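I have placed the structure first, in the form of C-alpha cells, so that the comments after it can refer back to it.
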Amino acid sequence: MNLFFQQIINGLTLGSIYGLVALGLTLVYGILHIPNFAHGALYMVGAFMSYFFMVDVGVHYWVAMAGSAAVIAVLGIICERLVFHPLRHSPPIHDKIAAIGILLFLEALVQMFWGSDFRRMSSPFTGIMNFDGLIIPEQRLLIIVGAFVLVFVLQMFLRKTMTGATIIAMAQSREGAFLVGIDANRVAMMTFAISGALAAIAATLYAPINLVYPAMGHLVIMKAFVIIILGGMGSIPGAIVGGMIIGFAEAFGGFYISTAYKDIIAFGLLVLILSIRPQGLFAKGAH
Amino acid sequence: MKPGAKLTLLAFAIVFPFLASNEYQVYVMASAFVWAIAVYGLNIITGFCGQLNLAHGGFFAIGAYALGLLTADAGWSFWPAFLAALVVTAVLGFFVGIVSLRLKEHYFAIFTLCVGFIIYLLIDKWEELTHGPIGVRDIAEPYGFGLVDFTETTPFYYLVLAFLVFAIWFMGRLSRSLLGRTFIAIRNGDELAQSLGINLMRNKVLAFVLSTTYAGLAGALYAGMVRFIGPEEANIVHTFDMITYLLVGGIGTITGPLLGTVGIIWITQSLQFLEEYRMIIFGPLLVILVIFFPRGITGSFLTWMHHKAQSLAPGKKRKESKVVTAQTREAENNA
C-alpha cells in the first residue's frame with residue numbers, strides 16, 4: 001500500500017510540473033492562437049538560468065528562481081516582438097515554423113555556452129519527510145505546493161486585477177477586446193511574459209530532482225501539448241487537470257507496466273484520444 | 001523553371017563525379033541527393049497540401065530501419081528489402097494519415113510531432129526488434145545487375161541521382177495533374193476545397209502516403225549508403241533540418257527543395273566550423289525566411305523575375321501585362 005501512495009506522490013509531482021508548463025502553453029494558445037513549439041526551449045533556458053544564478057553567481061535558490069523567471073519573461077517578450085508579432089497575419093504554418101526556429105536557436109545557444117553535458121542542480125530542500133512510513137522528499141512537496149500556489153495566484157491575477165481582465169477579454173473575443181480599446185500588443189507581451197515565467201519556475205522546481213541539459217525541454221513540451229489537447233486548447237483548468245492525468249498515468253504506468261515505456265504512455269493516450277475525438281477531450285470547439 | 005535550366009542542372013549532376021576532386025565530394029553529393037528525395041516528400045504534404053508534418057524524419061528512419069533489419073537480421077538481399085521498406089513506410093503512412101489528417105492545422109502539427117517522438121522512442125527502447133541504442137550493423141549493399149556495381153561511390157551516386165530525377169519528374173507531373181491542383185486547393189483552405197467537391201480525407205491521405213513513401217525511399221537509400229544506423233536517425237532534428245531545406249529552397253516549388261537541400265548541405269560541409277554552430281544559424285534563418293522571404297530562394301526569384309518582366313513593359317497596354325501575369329503565375333506553379 002505504501003508503494004501505491006508513493007506513486008500518488010510521484011504522480012502529483014509530475015502532474016504539477018507538466019501542469020505548470022502546459023499552463024503557459026495554453027495561455028499563449030488561448031489568447032494568441034499560437035502553438036508555441038519554442039515553449040520547451042524557454043523551459044530549458046529557464047533551468048539553465050537558475051543553474052547559472054545559483055552556481056556561477058552564487059545566490060540563494062529562491063533568488064535564482066525569481067531571476068530566472070524575470071529573464072525568461074523578457075525572453076518571451078522578445079520572441080513575441082521580434083518573431084510572432086510580425087507574423088500575425090501570415091498563414092498558420094508560418095508561426096509554427098518560426099517557433100521551431102526559435103527552439104533550434106535557443107538550444108544551440110545553450111549548448112554553445114554550457115555544452116551538452118548533464119548537470120546536477122542543488123536545492124536547499126534536500127530533507128526527506130517521513131509521515132508514518134510514507135516518505136516524501138521536501139523538494140517534491142515544494143513542487144506540489146508551489147504549483148498549487150502559482151495556479152491560485154494566476155487565477156487571482158486574471159480575475160481580480162484590471163490587467164488580468166484585459167487578458168481574459170482578449171481570450172474570449174479578439175474583436176470585442178479591440179472594440180473596447182484593449183491594447184492587443186500589451187496583452188500579447190504580457191501573455192508571453194507570464195507564460196515564460198511559469199516555464200522558468202517549473203524548470204527551477206523540477207531541476208533539483210531531475211537533471212539540467214540542453215535537450216531537457218523536448219519530452220516536457222510534447223507532454224505539455226498532449227495535456228492541452230486533453231484539457232481543451234486554451235483552457236486553464238483543463239491544463240491542470242490534463243497535467244494531473246498525464247502525471248498519474250506516467251507514475252502508475254511506469255511503476256506497474258514498464259519504466260522503459262513510460263514516456264510512450266502519454267503519447268499513446270494522445271493517439272487514442274485524438275482517434276476518437278479529433279477536437280480533444282474537453283474542447284468547446286476547435287479554434 | 002525553363003526546360004533549358006533543368007537540363008543544365010541535370011547535365012551538371014551527371015558530369016559532377018568527373019569534376020569532383022575526390023571521392024568524398026561525390027559521397028557528400030550523393031547524401032545531399034538522398035536528403036533531397038526526402039525533402040521532396042515533405043514538399044508534397046507540407047508544400048502542396050499545407051499540412052506541417054513534423055513526423056517526416058520518423059518515416060525516413062522507418063525506411064532506413066525496415067531496410068536495415070530486413071537485410072541484417074532477416075537476411076534478405078538489398079532490392080527485395082528496398083521494395084519492402086517502401087511498402088512498410090507507405091502502409092504506416094496510411095494508418096498515421098488516417099488518424100492525423102482528421103485534425104485541423106495546429107492539432108495536425110502537434111500530433112505529428114508526437115508521432116515523430118513515438119517513432120524515436122520505439123526505435124530507442126524496443127530492443128528486441130531494433131537493437132536499441134546499439135543500432136543496426138552490416139546492412140546489405142545495393143548490389144548491381146550485370147555490369148554495374150553500386151557498392152562503389154560513383155555508381156551509387158548515379159543510382160541515387162536516377163531516383164532523384166524520377167522523384168522530381170514525378171512531382172512535376174503531379175503538380176500539373178488534376179491531383180496536384182486538388183492538393184493546392186486543399187492548401188488554400190479546407191472549406192474552399194470542399195465547396196469544390198473535393199474529397200478532403202481521400203486526397204490528404206493520398207498526399208500523406210506519397211510523402212511518407214518518398215521519405216521511406218530516401219531512408220532505405222541512406223541505410224544502403226551508410227550501412228550502419230542508430231536511433232539518432234529518428235531524431236526530430238532531422239525533420240527540422242528538412243523543413244529548413246524546404247523553406248530556404250522554396251516551399252511548394254519544383255526546383256526549390258533540390259536547391260535548398262544541396263545548397264545548405266554543401267555550405268555546412270565546406271565550412272566545417274558551421275557544423276558546430278549549425279543550429280545557431282539555422283534557427284534565426286528559419287525565422288527570417290518565414291517573416292521576410294516566405295517563398296524561399298526559388299519563390300522569391302520567380303517573384304523578382306515577374307516584377308522585372310512587368311517593369312520592362314511599362315508602356316504596354318494593360319491587357320497585355322495581365323497576360324504576362326497569368327503566364328508568370330502558371331510558370332511559378334510549374335517551376
Side-chain angles (χ1 to χ4, degrees), chain A residues 29 33-35 37-38 41 79 82-87 90-109 111-112 215 218-219 221-226 228-229 233 258-264 266-268 270-272 274-276 278-280 283 286-287, chain B residues 46-47 49-52 54 95-96 98-111 113-122 124-127 132 187-189 235-237 239-241 243-244 246-247 251 276-292 294:
Chain A
Y29 187 82
H33 294 193
I34 299 167
F37 289 124
C79 290
L82 287 185
V83 181
F84 295 111
H85 181 71
L87 284 171
S90 304
I93 200 168
H94 287 190
D95 48 16
K96 280 177 270 190
I97 293 173
I100 290 174
I102 299 174
L103 163 87
L104 295 178
F105 175 68
L106 289 178
E107 255 185 58
L109 201 66
Q111 201 152 355
M112 193 173 84
H218 291 179
L219 264 175
I221 181 69
M222 273 186 262
K223 283 172 191 162
F225 271 121
V226 174
I228 68 173
I229 287 177
M233 306 273 270
S258 150
T259 1
Y261 290 108
K262 78 171 166 44
D263 291 330
I264 299 182
F267 302 125
L270 175 83
V271 172
L272 197 71
L274 287 184
S275 315
I276 302 162
Q279 68 276 47
H287 283 295
Chain B
T46 302
C49 276
Q51 315 284 319
L52 182 60
L54 295 176
F95 285 115
V96 171
I98 278 195
V99 177
S100 61
L101 289 159
R102 290 163 71 208
L103 311 170
K104 300 254 180 196
E105 300 154 356
H106 298 322
Y107 285 84
F108 177 78
I110 295 165
F111 185 85
L113 181 72
C114 291
V115 168
F117 214 76
I118 292 178
I119 294 172
Y120 171 75
L121 285 174
L122 281 177
D124 197 39
K125 308 279 184 197
W126 194 359
E127 296 191 6
R187 177 179 69 193
N188 292 336
N235 194 321
I236 190 88
V237 168
T239 306
F240 296 159
D241 276 351
I243 291 172
T244 315
L246 183 59
L247 254 127
I251 192 163
E276 199 179 333
Y277 303 115
R278 200 169 51 128
M279 288 307 170
I280 292 198
I281 298 157
F282 274 20
L285 184 68
L286 273 181
V287 174
I288 290 166
L289 276 170
V290 291
I291 294 178
F292 297 107

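In what follows, every heavy atom counts, from backbone to side chain, and hydrogens, waters and symmetry copies are set aside. In this text, all values refer to a predicted model and were calculated from it rather than measured experimentally. Letters A, B, ... are given to chains in the order of the sequence lines, protein chains preceding strands, and every chain is numbered from 1.
A/V226 and B/C114 get closest at one heavy-atom pair: CG2-SG, 4.0 Å. Minimum interatomic distance between B/H106 and A/P35 (heavy atoms only, all atoms of both residues): ND1-CG, 3.3 Å. Listed here is the closest heavy atom pair of A/P86 and B/I291: CB-CG2, 4.0 Å. Listed here is the closest heavy atom pair of B/R102 and A/I276: NH2-O, 4.3 Å.
A distance of 8.0 Å separates CG in B/L247 from CD1 in A/I93, rounded to the nearest 0.5 Å. Separating the CD1 atom in A/I100 from the CD1 atom in B/I236 is a distance of 7.5 Å, to the nearest 0.5 Å. The distance from atom CD1 of B/I110 to atom CD1 of A/I221, rounded to the nearest 0.5 Å, is 9.0 Å. Atom CZ in A/F267 sits 6.5 Å away from atom CG in B/L121 (nearest 0.5 Å). Distance check: B/W126 CH2 to A/I264 CD1 gives 10.0 Å after rounding to the nearest 0.5 Å. Between the CG atom of B/L52 and the CG atom of A/D95 there is a distance of 10.0 Å, given to the nearest 0.5 Å.
Considering only heavy-atom pairs separated by less than 4.5 Å from chain B, the leading option among A/L106, A/I34, A/L87 is A/L87. Chain A forms more heavy-atom pairs under 4.5 Å with one residue of B/V115, B/I118, B/V237 than with any other, namely B/I118.
Both the backbone and the side chain of A/I102 come within less than 4.5 Å of a heavy atom of chain B. For chain A, the nearby parts of B/I280 are the backbone and the side chain; heavy atoms of each come within less than 4.5 Å. Only the side chain of A/M112 comes within contact range of chain B, with at least one heavy atom under 4.5 Å from a heavy atom of that chain. Proximity to chain A (any heavy atom under 4.5 Å) is shown, for B/I98, by neither the backbone nor the side chain. Contacts of A/I228 with chain B are absent, with no heavy-atom separation under 4.5 Å from either backbone or side chain.
Using a 4.5 Å heavy-atom threshold, the side chains of B/V290 and A/S90 count as separate. With contacts defined as side-chain heavy-atom distances shorter than 4.5 Å, the pair B/F117/A/L219 qualifies. Side-chain contact check for B/L54 versus A/F37: some heavy-atom pair is nearer than 4.5 Å. Contact of the B/F240 side chain with the A/L103 side chain is registered, since non-hydrogen atoms from C-beta on lie closer than 4.5 Å.
Applying the side-chain hydrogen bond (donor to acceptor under 3.5 Å, both in side chains) criterion to A/E107, with sequence neighbours excluded, gives A/H218.
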